[in-house]
Amino acid sequence: MTPVRMTGPRRQRRWRTLFGAGCLVTVSACGGGTEPRVKNDKSPDLPPAAGGVTERSDRGQRLPAPDAAEIVYDEGDRTLRLYDPPAETRWMVQLPNERTAVPAGREYKLPDGPDPDRTLVYYARPGGQQSKVVSLRQIQRSREVPTSHVP
């Protein structure tokens, strides 16, 4: 009778470690199955519209913010008129009571009584990279004509 070679606990542990490391490398190379998320208005770490976090651990640096002075907001019919975004990007609008942003075309009609501080506009690339956000308030302020101060 030939003896059956048995693997010891040390060898089994090494194979489990190698298998686990291989799984981690595979998952991290595939992106881990995570999708970019737009934070809702109840999230305490929502970056402020003026600046906010520029580093994202999952996608790298954020793209530059849209030019608020180029976006036109018509308060009469509550319509945002957006300019042509940078190549291969699309406009996104996040309303105050929504958890996710929605894609927007060249024009986007806002619902009644939009909260200008919590209505956010940004653009996104297909790979999940997003720009910094601008609020509706910033868009409105960029269109205001500054009054000259006369002493």
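These numbers come from a predicted model, not from an experiment.
Residues R81 and D74 form a side-chain contact, since some pair of their non-hydrogen atoms from C-beta on lies under 4.5 Å apart.
For the atom pair OH of Y83 and CG of D67, the computed distance is 5.5 Å after rounding to the nearest 0.5 Å. The line from CZ of R62 to CD of Q129 is 10.5 Å long, rounded to the nearest 0.5 Å. Atom CZ of R118 sits about 6.0 Å away from atom CG of N97, to the nearest 0.5 Å. Residue L82 holds its CG atom at 7.5 Å from CZ of R106, rounded to the nearest 0.5 Å. Considering OG1 of T79 and CD of E107, their distance stands at 6.0 Å, rounded to 0.5 Å. The distance from atom CG of L80 to atom OH of Y73, rounded to the nearest 0.5 Å, is 7.0 Å.
Transitive grouping of hydrophobic side chains (ILVMFWY, heavy atoms separated by less than 4.5 Å) keeps Y123 and V72 in distinct clusters.
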Derivation and outcome, side-chain contact (heavy atoms from CB on, under 4.5 Å), residues V133 and V121: CA-CA 6 Å; V133 298; V121 178; over 6 Å; no
Using side-chain contact (heavy atoms from CB on, under 4.5 Å), reason through T119 and Q94 one step at a time and then give a plain yes or no. CA-CA 6 Å; T119 301; Q94 183 175 3; over 6 Å; no
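Contact detail for D117 and L120: the closest heavy-atom pair is O-CD2, 4.3 Å. Across all their heavy atoms, R78 and P114 have their closest contact at CD-CD, 4.3 Å. The minimum heavy-atom distance between Y122 and A101, with the atom names listed, is OH-CB, 3.3 Å. Between A104 and V93, the closest heavy-atom pair is CB-CG2, 3.8 Å. The two residues M92 and P103 come nearest to each other via the heavy atoms SD-CA, 3.7 Å. In plain terms, the two heavy atoms of S131 and P66 that are nearest each other are OG-CD, 3.8 Å.
A distance-only check finds a donor-acceptor pair linking the side chain of Q138 to the backbone of S135 [under 3.5 Å]. Side-chain atoms of W91 do not come within 3.5 Å of backbone N or O of V102 as any donor-acceptor pair. For S142 (side chain) and Q140 (main-chain N/O), no donor-acceptor pair under 3.5 Å exists by modelled atom type. Between the side chain of K132 and the backbone N or O of L63, no donor-acceptor pair lies under 3.5 Å.
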